[in-house]
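Worksheet: the structure to be examined is printed underneath.
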Amino acid sequence: MSASLRFSCSSHSFPKQTSLQRQWVSPTLLSFAAFRPWNSSCISLRRCCESRVFRVSCQGGNVDVVQRNEFGAVSFGEAENQLTCVMKFGGSSVASAERMREVAELILSFPNERPVIVLSAMGKTTNKLLLAGEKAVSCGVTNVDALEELFFIKDLHHRTANELGVERSIVDGHLEVLEQLLKGISMMKELTLRTKDYLVSFGECMSTRIFAAYLNKIGVKARQYDAFEIGFITTDDFTNADILEATFPAVAKRLNDDWFSDPAIPIVTGFLGKGWRSGAITTLGRGGSDLTATTIGKALGLREIQVWKDVDGVLTCDPNIYPHAEPVPYLTFDEAAELAYFGAQVLHPQSMRPAREGDIPVRVKNSYNPNAPGTLITRNRDMRKAVLTSIVLKRNVTMLDIVSTRMLGQFGFLAKVFSIFEDLGISVDVVATSEVSISLTLDPSKLWSRELIQQELDHVVEELEKIAVVNLLQHRSIISLIGNVQRSSLILEKAFRVLRTSGVNVQMISQGASKVNISLIVNDNEAEQCVRALHSTFFESELPELDQFDSAY
Ligand SMILES: Nc1ncnc2c1ncn2[C@@H]1O[C@H](COP(=O)(O)OP(=O)(O)O)[C@@H](O)[C@H]1O
Ligand SMILES: N[C@@H](CC(=O)OP(=O)(O)O)C(=O)O
């Protein structure tokens, strides 16, 4: 047979079905081949692939091994039996039995895909679990079983199982342990961050079990996985853990080995991991299932990562602020990362990193409207006509004006300021500096997650006051203008005209080094009005200056 089968291969194993013969083309592969039996179904390429392209002969045709990634993960591109993409469905996409049925249909409407499915908890389950935990702290052990949130969660999962025709017992064990856990919290009268993570993990653990059981019931072979059991290794920063590098090869090996030995659609819990020191369940921060999906995409070297939401893609601004927001058809990883970091809830702030590192396109789609084209996020896009892509608002930001008490020309001032933030473990969002003064905003998510807002702020100010005069300004908002900062003059000219007309004073401005973001700081109570005015100027009226601007280029 001469048919050429291309697959991208980045590591440990060939599919079982591909039995290799001795006609290796590459001497490096040849030497490696001596290391393992020819017909082995598990051949590590890690030690032999120096270049990215190899051709080997196998039964059924030539095989081009076209890729590998740096940690030697397993992937087989277009080989017939390889996993092809990851599809992540958020809470709103799997909020009920009916939605789960629709999602199953949607998955099956892509017969050419062999997807890994990542699911979030059903609907608002995560919020309910957190609320139940908070109430349990003070409600008394005997009142735990009467908590309305617990009732809601039990009812939702039992009802969904019933309506989908799967055994309720699939979640009974989890619901019992959940109740015990809430009683434990009640007895201890405390809810630590570690316990919070264990508590919310029940949401994803149950949604994936129900969905996998349903797929199996309708004849689609599926296998449920808890992310913390298949190699999602994280830091021990409970409620906001980072994924560690060891995750990629471990997850790739587990999912590929299972897939090749007994193919079944993997249904993986989003949002969850295992702390590398504690061994306890961790979470990746709210909305973290997006990050689970991109991590799997990179680990397996998949062709595409799809994140299915309840909106037609990434929009020109938050639709809750301005309902006329429009879908953005294309974004770069940098734009999407900046947009997510500066507060667009639609994507998890860290989720673009694995996709960018693996150079794997991310498609944001609407599970309620699958025919809408959605947003495609890739490394590059045509920026020739691009001006502004999206407007993002981050509310309730704390700003600090720090002016050195020493004379002009003294060096080391900025270094001292930043070392204070480093020592206190506080991250900074937006910065504008002169030689003797610095204005900056503090990342609110980091402060909130530690629930130490006021003490921490007092401490920061106390430390800074040793070297500077400090002015603490609260209730500010960051408006981020994400787009082509090569056109910053045009963007700023328009933006400031709008803001002046609206009578809004910008208190700080910063153009990020990423070249995709200009940040403006305004008062919280003026922010939404600004976003709406900016949106109508940039997205709802012509930009006649653009042609003029282009000719000047
Ligand atoms: N720029 C934006 N584009 C799209 N959605 C946004 C944007 N900013 C905020 N959102 C909100 O993000 C929601 C989708 O994110 P999320 O709730 O995390 O989805 P899911 O739970 O389905 O993963 C939308 O319903 C919308 O209200
Ligand atoms: N269930 C978690 C994780 C998540 O990613 O959810 P969603 O995909 O619904 O944003 C949360 O609510 O934060």
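Both ligands and their constituent atoms are indexed starting at 1 by order of listing. Counting from 1, the numbers follow the sequence of the chain as shown.
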Ignoring angles and geometry beyond distance, decide whether G91 reaches within less than 3.5 Å of ligand 2 through its nitrogen or oxygen atoms. yes

Any atom of ligand 2 sitting under 4.0 Å from a heavy atom of K309? no

Check this for me, if you would: do D226 and R209 make a salt bridge, where the nitrogen-to-carboxylate-oxygen distance has to be below 4.0 angstrom? yes

Considering only non-hydrogen protein atoms, determine which one is nearest to atom 20 (P) of ligand 1 and report residue, atom name and distance to 0.1 Å. G90 CA, 3.7 Å

With heavy atoms under 4.0 Å as the rule, classify the contact between H348 and ligand 2 as side chain, backbone, both or neither. neither

Please state which part of P319 comes within less than 4.0 Å of ligand 1, counting heavy atoms only: side chain, backbone, both or neither. side chain

for atom 22 (O) of ligand 1, nearest protein heavy atom and its distance come out as S92 OG, 3.2 Å

Tell me the contacting part of N320 for ligand 1: side chain, backbone, both, or neither, using a 4.0 Å heavy-atom threshold, strictly below. side chain

side-chain contact (heavy atoms from CB on, under 4.5 Å) partner of V307, the single match among V346, L347, V314: L347

Does the side chain of T84 come within less than 4.5 Å of F110's, by heavy atoms? no

Would you mind running through ligand 1 and noting each atom that sits below 4.0 Å from a heavy atom of V314? 3 (N)

Once the angle between the rings of W308 and F89 is folded into 0 to 90°, is it parallel (under 30°), tilted (30 to 60°) or perpendicular (over 60°)? parallel

Distance filter under 4.0 Å to R286 heavy atoms, resulting ligand 2 atoms: 11 (C), 12 (O), 13 (O)

Is there a heavy atom of K124 sitting under 4.0 angstrom from any atom of ligand 2? no

Atom 19 (O) of ligand 1: which protein heavy atom is closest, and how many Å away? K309 CD, 3.4 Å

Proximal ligand 2 atoms for K88, defined as those under 4.0 Å from one of its heavy atoms: 8 (O)

Under a 4.0 Å threshold between the charged nitrogen and the carboxylate oxygen, would E528 count as salt-bridged to R532? yes

Distance filter under 4.0 Å to G313 heavy atoms, resulting ligand 1 atoms: 4 (C)

Distance (rounded to the nearest 0.5 Å) between S477 OG and N525 CG: 8.5 Å

Judging by distance only, is a nitrogen or oxygen of S289 under 3.5 angstrom from one on ligand 2? yes

Donor on one side chain, acceptor on other, T282 and D197, under 3.5 Å: no

Just which atoms of ligand 1 are under 4.0 Å from any heavy atom in G91? 21 (O)

Nitrogen or oxygen atoms of K88 and ligand 1 under 3.5 Å apart: yes

List every atom of ligand 1 that sits less than 4.0 Å from any heavy atom of C317, numbering the atoms from 1 in the order shown and giving each element. 1 (N), 2 (C)

Between ligand 1 and L315, is the shortest N or O to N or O distance under 3.5 Å? yes

Nearest to atom 15 (O) of ligand 1, what protein heavy atom do you find, and at what distance? V346 CA, 3.6 Å

Check for me whether G287 has a heavy atom closer than 4.0 Å to any atom of ligand 2. yes

Find out whether the Lys NZ or Arg CZ of K196 is both under 6.0 angstrom from the six-membered ring centre of F238 and within 45° of the ring's axis. no

Looking at F151, is K128 sitting on its ring face, NZ or CZ under 6.0 Å from the six-membered ring centre and within 45 degrees of the normal? no

Tell me, please: is G288 in heavy-atom contact with ligand 2, that is, under 4.0 Å? yes

Do any nitrogen or oxygen atoms of D310 lie less than 3.5 angstrom from nitrogen or oxygen atoms of ligand 1? yes

With a heavy-atom distance limit of 4.0 Å, tell me whether V311 approaches ligand 1 through its side chain, its backbone, both, or neither. side chain

Where I391 and H535 come nearest, the two heavy atoms and their spacing: CD1-N, 3.6 Å

To check you understand the geometry: which heavy-atom pair defines the closest contact between L199 and G133, and what is its length? CD2-CA, 3.6 Å

Are R99 and S367 close enough that some pair of their side-chain heavy atoms sits under 4.5 Å apart? yes

May I ask you to check whether Q345 has an N/O atom sitting below 3.5 Å from an N/O atom of ligand 1? yes

S120 contact mode with ligand 2 (heavy-atom cut-off under 4.0 Å): side chain

Between L272 and F232, is the side chain to side chain contact (heavy atoms under 4.5 Å, CB included) condition met? List the steps. CA-CA 8 Å; L272 310 176; F232 272 84; over 6 Å; no

Looking just at side-chain N and O atoms, do N484 and R384 make a donor-acceptor pair shorter than 3.5 Å? no

